[in-house]
Structure formats: structure tokens, C-alpha cells
Amino acid sequence: MNSDTPLFQFKNSRVSLNELVLLDYDESRLKAELERHAARLPSLFRQMPVLLNFERLPADKPLPPLDELLAVCRDSELKPIGIRGSSRYDEALCQSLGLSCFGASGRGERVREEKPAESPSQPEPESVSETSEVAATAEVVEENGSKTRILTTPVRSGQQVYVQGGDLIVLSSVGAGAEVMADGNIHVYGPLRGRAMAGVSGDSSARIFCQSLEAELISIAGYFKACEDLQSEHWKKPVQAHLSGTRLDTVLL
Amino acid sequence: MAEIIVVTSGKGGVGKTTSSAAIGTGLALRGHKTVLVDFDVGLRNLDLIMGCERRVVFDLVNVINNEATLNQALIRDKRTEGLYILPASQTRDKDALSHEGVERVLNELSEMFDYIVCDSPAGIEKGAQLALYFADTAIVVTNPEVSSVRDSDRILGVLQSKSRKAENGEHVKEHLLLTRYNPARVQAGEMLSVEDVQEILAIPLLGVVPESEAVLKASNQGQPVVLDSESDAGQAYMDAIGRFLGEEREHRFLEVQRKGLFSRVFGRKG
């Protein structure tokens, strides 16, 4: 290899991250609550990178000991990569724990401290979306920072797919007993027989599109219709579902 | 290097062992050196279907635990040239199987055979997962019935995520084998049709085996049904094996057979 060719490039990249916003601190309660969440959505929690946000912790409260907090998070398979919103922690301490310090949230977000390059807690692109069983068949479209995920093979009964911060496109079927979730829209170009949940983190403008509506349940931003209600109209037809206020509507495509 | 075939279904009682015996025997009849491995530790059945239950001395678990060599445990089939059976242990349970042990045994078999046919236990737990983990190809046995179809869908998901091929980013080849098919009941709307099942599972159809009295008879006699070349089930299995080996064969036994004068008079049953 030519010794003049560069070995790396610096590129600006945006990754949407979740924050763990602490409202109060109690080690055992936090542990229990995190475990409850992790048990509900294990595929989401597995090695999910998070920022620890202390902005809403009352200023008169003592700060939680960082090492203790990290241990609690890691027990629940969360992967804290940095802290935000507290200059009360010593930066050197944060760095020694492998955490980066980010500025306050809001406009003009800026990374105050560059992370050491060898930091083991670098968020990996794979962690953008997690699935329990279909990881091997999935392709993640990473170019242009798009978090759309395209699945070319059927989502089988018992499988769970979740796309964080983007859309999910399934070119095949979603089997009965399978579960597909996305923060954005869900498109299914085969029959949708399982459960589809769009806008799971609260986006009420998300929609669900499918070639044949045979679902057990569809839900947008938490508002759902189960199979029994769906069967009365547009059953086995190409349909899109969207929210009108708090009502989930299905319309023929 | 042998091709490792897992015969699996998720659901129990759909005909995995019958199909394993038929496929293994069929491949051997077609001249391929084949070994049938029973993974159903604790519920050993393959030896009965193959009629070699009295010849079982050592088993898969003994080989895994280095208590016997592979050659001691392999049973040579007396009817079909080039066919061997590696029985499961009846006195142990699935925990006796270890990942490393199974891998070592399959590697060793791989040197000796063209095809390794693994008869998977029902379920999606350890035994079934180990049986499918090393597979190159899966034959998913399904009955034309909703619960069997859903379980097959589930096992296909496991196959494409928890197998060695999937972990290496490759794809396990999938084949659908529909068994206990009764065209009359399909016509009456009591049974799912081939098209219904294929629509849900969306994998290539290897064969359709009609519900047949010959299967029960063969099982009880300890003789794989493919050796009964007169029977519809035996012929359907041989067709499936032909397709597996890359031949074009038309699907038979999908329509209700009209009884001709001859069979009406003599009352012969298919």
C-alpha cells in the first residue's frame, strides 16, 4: 500500500441517542425500574448507548456517585457513553470512567470534550437498531445517516424487530406472532399478519402501510386497534393506517 | 464434506422422525452415503422407525462423552446399502448434549458421509437448537393445520438467526415438506391447502406427502416408508428426494383420487 494514502477520514455524523434523564436518585429503586423496563423490551435495552442527563435532578440534591450509577446501568445492559448537564462532576473523573462530557441540551448543542479515540464505549452503528432474532437477515441502510431499515426476508412468528429513530420496510410478510416496531413509519409489502407498532416513541404522525391487512394489532404512538376491530373493514386489503386525533383510522390505499 | 440436513418442525407429532427415516433411506437408495442422527435424547424413536432398536449398544451421548467411538455407535442398516444410524440415548435428557460435543461428532461424520440427516426433537429449546445449529439445509415438516404452520414459521425464524450459517451471515437453505395431506379434506374446506401453507411460510415446496395408512404400517414394522414403493407416501417421499437432488418432478397426490371401477370392485386402498 502506498504510504501516502490516508488511513482515515474525519466525518461529521449524527447519531440519535437516548438519554437517561434522572428525576431523582435512589440506587435500589433505579435498579428495579431499569430491570422492569429491560424485561419488557430486552431487544431495545441490549447494549443501548445512552447519555446520562442530570439537568432535571434538583440542584439541592447531592449528585449520585458516578461509579455506582454506571454499575446500575451496566447491570441492565445499558451502555452509558457520556454525561450531560452537570458541570458539578469532575471532568477528569468522567474521563477515567470512559465517559464524555456533553454540554447542556437545547439549541446549539456542542460537544465540549472530545472523547478519547480508543474509548471502548464508542457507539456502534449496529446499536442504532436492534432486533432479537432477525439480526442476521437484516440490512441497515447507513448511508446519508438514514436509519431506515429494509428487511428482505419474512419476519417470522416470535421475532421482534425494532427500528430506533427511523422507518422499517419489510419487503416480505410479517407472520402471525411476529412483532415489528419503529419510531417512524412501517411499510409491509407482503401480508401483515403479526403486530405492527409505528411511532413507538410518541410520533403521532407515523403511519403504517401494508399490502394486506391481516394484523393481530396495529398501533401508532400508543393508540391501537386489535384484530377484532380491524376485521370489520378493509380486512386483507391494501391499507394505510394513521392517527386522526386519538382515533386510529385505516384507509384503503 | 457432508451436507448437514436438519429435519425440523417446531411442533411435535407432525412426522419429523418418519420423514427423517424416509429421507435418509431415500438418499442412500439414490447412492449417497448417508447417516441418520437422532437428536431426540430421552425420547428415542428413530431406531424403532428404522427397525434397529435391538442393535443399539452405544449412542450419541456416549460418543459425545468419549465413552464410545463413533464406529462403535454407528449402526449399519441391513436393508439399504450406505445407510447408517446414530441413535439417541434414551436414559438421558437434552442437557447431555454439549455444543462442542455435537460439533465434534458432526465434524467426524462429515469426513465419512455425503449427507448427515439430523432428526430434531420438537420445540425450540436446547435440543432443537443444537440439532439445527450446524445445519446447511433445513427440511421443515409441516401439517396442513394452523398450529403446525405457525410453529414452522417460528422455527424458520430461529433457523435464520440462531444457526451457525446465520451467525456467519449466510442463509440456511429451506425446504417445505407438507405431510399428512388429505386432498378430500382440503376440498371440503377442513384442511389448509398447499397454496395456503406456502402463502404463509413463503419457502420452496420440496414435497407433499399424502395421509396414508402405509405410514403407520411401515412405522410399526420398523421399515422406512420409502421401501414400500407401492405406497403413495413412499412414492411422494422418493419424489421429494428427487427434487432435493435437483430433479424436476411434478407434484402428485394433490387431487382427490377418483376410485376407478377396478379399485371399487376390489376395494384396494391407496
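Throughout, a chain's letter reflects where its sequence line sits, starting with A, and its residues are numbered from 1. Heavy atoms only: backbone and side chains are in, while hydrogens, waters and symmetry mates are out.
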### Task
Identify the heavy atoms of B:Thr179 and B:Val14 that sit nearest to each other, and give their distance.
OG1-O, 2.9 Å
## Note on the structure
In terms of heavy-atom pairs under 4.5 Å with chain B, the winner among A:Pro191, A:Ala176, A:Gly177 is A:Ala176
### Query
Tell me, which pairs form a salt bridge (Lys or Arg N to Asp or Glu O under 4.0 Å) where one or both residues lie in residues 108-131 of chain B, sequence neighbours left out?
B:Arg104-B:Glu108
#### Entry: Residues of residues 240-250 of chain B within contact distance of chain A, non-hydrogen under 4.5 Å
none
### Query
Is the CZ atom of B:Arg164 crowded by more than 12 outside heavy atoms at less than 6.0 Å?
yes
### Message
If I measure from the heavy atoms of chain A, does B:Ile124 come under 4.5 Å with its side chain, its backbone, both, or neither?
### Response
neither
### Task
State plainly whether the residues B:Arg185 and B:Glu145 are in salt-bridge range, i.e. N to O under 4.0 Å.
no
Got a list of side-chain donor-acceptor pairs under 3.5 Å for residues 94-101 of chain B, not counting sequence neighbours?
{"unit_1": "B:Lys94", "atom_1": "NZ", "unit_2": "B:Asp40", "atom_2": "OD1", "d": "2.7"}
{"unit_1": "B:Lys94", "atom_1": "NZ", "unit_2": "B:Val41", "atom_2": "O", "d": "2.9"}
{"unit_1": "B:Ser98", "atom_1": "OG", "unit_2": "B:Gly101", "atom_2": "N", "d": "2.9"}

### Task
Please name all residues satisfying side-chain hydrogen bond (donor to acceptor under 3.5 Å, both in side chains) with B:Asp196, sequence neighbours left out, ordered by chain then number.
B:Ser193
### Task
Before accepting this row, confirm whether a basic side-chain N of the pair A:Arg195/A:Glu216 lies closer than 4.0 Å to the acidic partner's carboxylate O.
yes
